[in-house]
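The first residue of the sequence shown is numbered 1, and numbering continues consecutively from there. Given the structure is predicted, the values throughout are model-derived calculations rather than measurements.
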Amino acid sequence: MAQAQVWTLRKHFQGFPKNTDFELKEEKLPEPQNGEVLLEAVFLSVDPYMRYALLYCLMKEGDVMIGQQVARVIQSKNLKFPVGSHVTTHCGWRTHYLSNGSDLVLVLPEWPKNLPLSLALGAIGMPGLTALYGLEEVCQIKSGETLLVNAAAGAVGIIVGQIAKLKGCKVVGCAGSEDKVAFLKQLGFDEAFNYKTVRSLEEALKKAAPDGYDCYFENVGGHFSSVVMPQMREFGRIAVCGSISMYNDTEPQKGPYVHPEMIFKQLRMEGFLVHRWPHKHPESLKRLLAWQQQGKLQWREHVTEGFVNMPAAFMGMLKGDNIGKAVVKA
């Protein structure tokens, strides 16, 4: 019988999360039965969507915190998942998990031994897929176009910018520190700026792309989006991936509203979730891995040590402490 630790939602967040909103508990797991496997967490993900899910009450107080992890099979009665193999699973903030295998995905068999498995939660995982589908399926981006991405130094943003460059686009990114801006320039972004220090966001966006933007990969929402809309070019496309600037608000933000620009510039604005295209995941992950192996896709991680520090890692990610993907090493 395995002893698991789990982080639960003790109290729904009121504004920004705090330590007392979480509770660490223990649970005992039975021995695996036929078809089942026992997993041990190796790396766990913290992502903005976890705050979004709680904002819309998709979890109840007492529930295990949602999230994805890379786990190792430590006991198995399922031939598809032998002991020692690694999988990804959305089992939440747990150190151990008993599964019948239906919710497990084996890490790519061609995964290089020198590549951290944590990237299955980042550039070669959900954030990488989100970037790829937002650009290809939603924006339908074309060579020669100009792309704007905000929260550009985050897990999704750094991949968005690099894929757009691979496709022959001009890329403008913004982030919240000078270190992040320097990293974006290192990645090959054509223009990058610190939105916290510019005198005028409108002027900074115009300076970066005087002719406007064909595509906008939206991660922030709120005031930032309102400033961007007038700078979209006719027939522009907007992929709405997140609105992190609004997740911790206690009062809903209000206008300006997007309708005039949407109409007269004939814009297309579409929200999306990565699991709309599950049939594409295997091929898409192989493409991302190939780009990484060819040196065309760089990555950065912010690693927090210790399962006990899950809440701290989550809150740090929401404050923007990370460059690239935020993960916890169990």
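- More than 12 non-hydrogen atoms from other residues, nucleotides or ligands lie less than 6.0 angstrom from CD1 of Ile263.
- A side-chain donor-acceptor contact under 3.5 Å links Ser45 and Asp47.
- A donor-acceptor pair is defined here as one N or O able to donate and one able to accept, closer than 3.5 Å; such a pair exists between the side chain of Glu145 and the backbone of Lys142.
- Checked by atom type and distance alone, the side chain of Thr88 never pairs as donor or acceptor with a backbone atom of Val70 at under 3.5 Å.
- When all heavy atoms of Tyr49 and His90 are compared, the closest pair comes out as OH-ND1, 4.3 Å.
- The number of heavy-atom neighbours closer than 6.0 Å to NE2 of His279, taken from other residues, nucleotides and ligands shown, is above 12.
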Given Leu135 and Leu147, is the side chain to side chain contact (heavy atoms under 4.5 Å, CB included) satisfied, shown in steps? CA-CA 10 Å; Leu135 291 174; Leu147 167 81; 4.1 Å; yes
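- Going from atom CG of Asp321 over to atom OG1 of Thr304 covers 9.0 Å, rounded to the nearest 0.5 Å.
- Donor-acceptor pairing under 3.5 Å is lacking for the side chains of Ser177 and Asp179.
- Ile74 and Val105 are assigned to two separate hydrophobic clusters, defined by single-linkage of ILVMFWY side chains at heavy-atom distances under 4.5 Å.
- Residues Val42 and Leu29 do not share a hydrophobic cluster, defined by chaining ILVMFWY side chains whose heavy atoms lie under 4.5 Å apart.
- Using a 4.5 Å heavy-atom cutoff, the side chains of Pro48 and Tyr247 are in contact.
- Side chain of Lys325 to backbone of Val46: a donor-acceptor contact under 3.5 angstrom is found.
- Between Cys91 and Gln69, the shortest heavy-atom contact is SG-NE2, 3.3 Å.
- In this structure, the side chain of Thr95 engages the main chain of Gln5 through a donor-acceptor pair within 3.5 Å.
- Panel note: side chain Lys185, backbone Phe189; no donor-acceptor pair is recorded below 3.5 Å.
- Closest of all the heavy-atom pairs between Asp190 and Lys165 is OD2-NZ, 2.9 Å.
- With values rounded to the nearest 0.5 angstrom, Met65 atom CE is found 10.5 Å from Trp7 atom CH2.
- Below 30°, between 30° and 60°, or above 60°: for Trp277 and Tyr133 the angle between ring planes is between 30° and 60°, a tilted geometry.
- Here Glu270 pairs with Arg276 in a salt bridge; the nearest charged N to carboxylate O distance falls below 4.0 Å.
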From CA spacing to verdict: side chain to side chain contact (heavy atoms under 4.5 Å, CB included), Lys265, Arg233: CA-CA 7 Å; Lys265 293 190 176 186; Arg233 300 184 68 184; over 6 Å; no
If you look only at distance, which donor and acceptor atoms sit under 3.5 Å apart when one is on a side chain in residues 15-22 and the other is two or more places apart or in another chain?
from	atom 1	to	atom 2	distance (Å)
Asp21	OD2	Lys18	N	3.0

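- The only member of Glu40, Glu26, Glu27 that meets salt bridge (Lys or Arg N to Asp or Glu O under 4.0 Å) when paired with Arg94 is Glu27.
- Nearest heavy atoms, His281 versus Val274: CE1-O, 3.6 Å.
- Salt bridge absent: Lys280 and Glu136 never bring a charged side-chain N and a carboxylate O closer than 4.0 Å.
- Looking only at side-chain heavy atoms (C-beta outward), Ile66 and Met59 come within less than 4.5 Å of each other.
- In terms of the side chain to side chain contact (heavy atoms under 4.5 Å, CB included) criterion, residue partners of Ser200 (sequence neighbours excluded) are, by chain and number, Glu202, Glu203.
- For residues 112-122, the set of pairs meeting the side chain to side chain donor-acceptor pair (under 3.5 Å) definition, not counting sequence neighbours, comprises Ser118-Glu301.
- In this structure a side-chain-to-backbone donor-acceptor pair under 3.5 Å is present from Thr8 to Glu23.
- For Lys296, the side-chain hydrogen bond (donor to acceptor under 3.5 Å, both in side chains) criterion is met by Gln294, not counting sequence neighbours.
- Considering only heavy atoms from C-beta on, Pro311 stays 4.5 Å or farther from Leu24 through its side chain.
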If you look only at distance, which donor and acceptor atoms sit under 3.5 Å apart when one is on a side chain in residues 148-162 and the other is two or more places apart or in another chain?
from	atom 1	to	atom 2	distance (Å)
Asn150	OD1	Asn219	N	2.7
Asn150	ND2	Tyr216	OH	3.0
Asn150	ND2	Glu218	OE1	2.9
Gln162	OE1	Gln298	N	2.6
Gln162	NE2	Ile158	O	3.0
Gln162	NE2	Gln298	O	2.9

Run the side chain to side chain contact (heavy atoms under 4.5 Å, CB included) test on Ser243 and Val220 for me, step by step, so that the C-alpha distance in whole Å, both residues' side-chain angles and the decisive distance to 0.1 Å come before the verdict. CA-CA 4 Å; Ser243 57; Val220 173; over 6 Å; no
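- In the hydrophobic clustering of ILVMFWY residues, with side-chain heavy atoms under 4.5 Å counting as a link, Phe307 and Val64 come out apart.
- Gln186 contributes no side-chain N or O that, together with a main-chain N or O of Phe183, makes up a donor-acceptor pair within less than 3.5 Å.
- In this structure, OH in Tyr213 is found 12.5 Å from SG in Cys215, a value given to the nearest 0.5 Å.
- Ile323 and Arg300 get closest at one heavy-atom pair: O-CG, 3.3 Å.
- Think of Leu39 as one node in a network of Ile, Leu, Val, Met, Phe, Trp and Tyr side chains linked at under 4.5 Å; its network also takes in Val37, Val73, Phe81, Val87, Tyr97, Leu104, Leu106.
- Hydrophobic cluster membership is shared by Trp291 and Leu108, with clusters built from Ile, Leu, Val, Met, Phe, Trp and Tyr side chains linked at under 4.5 angstrom.
- Looking only at side-chain heavy atoms (C-beta outward), Ile124 and Gln292 come within less than 4.5 Å of each other.
- Under the 4.5 Å side-chain criterion, counting only non-hydrogen atoms from C-beta, Arg237 is not in contact with Val138.
- Hydrophobic clustering (ILVMFWY, side-chain heavy atoms < 4.5 Å, transitive): Val6 and Met310 are in distinct clusters.
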Kindly determine whether Asn309 and Glu305 satisfy side-chain hydrogen bond (donor to acceptor under 3.5 Å, both in side chains), including the steps that lead there. CA-CA 7 Å; Asn309 293 315; Glu305 295 276 350; over 6 Å; no
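- Judged by distance alone, with hydrogens and angles left aside, the side-chain atoms of Trp111 form a donor-acceptor pair with the main-chain N or O of Leu115 at under 3.5 Å.
- What you find for Phe217 and Cys241 is that their closest heavy atoms are CE2-CB, 3.5 Å.
- The aromatic rings of Phe314 and Phe13 sit tilted relative to each other, their planes meeting at an angle between 30° and 60°.
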For Ser76 and Asn78, run side-chain hydrogen bond (donor to acceptor under 3.5 Å, both in side chains): C-alpha distance rounded to whole Å, both residues' side-chain angles, the deciding distance at 0.1 Å, then the answer. CA-CA 5 Å; Ser76 177; Asn78 187 320; 5.8 Å; no
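- The 12-atom threshold is not exceeded at CZ of Arg10, counting heavy atoms of other residues, nucleotides or ligands nearer than 6.0 Å.
- Put simply, the side chain of Glu36 never gets that close to the backbone of Gly101: no donor and acceptor are under 3.5 Å apart.
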Worked verdict on Leu297 versus Leu288 for side chain to side chain contact (heavy atoms under 4.5 Å, CB included): CA-CA 8 Å; Leu297 198 65; Leu288 292 167; 4.0 Å; yes
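- Under the 4.5 Å side-chain criterion, counting only non-hydrogen atoms from C-beta, Pro116 is not in contact with Phe43.
- In this structure, Arg51 and Asn248 have side chains that are in contact, with non-hydrogen atoms separated by less than 4.5 Å.
- Checked by atom type and distance alone, the side chain of Arg72 never pairs as donor or acceptor with a backbone atom of Gly84 at under 3.5 Å.
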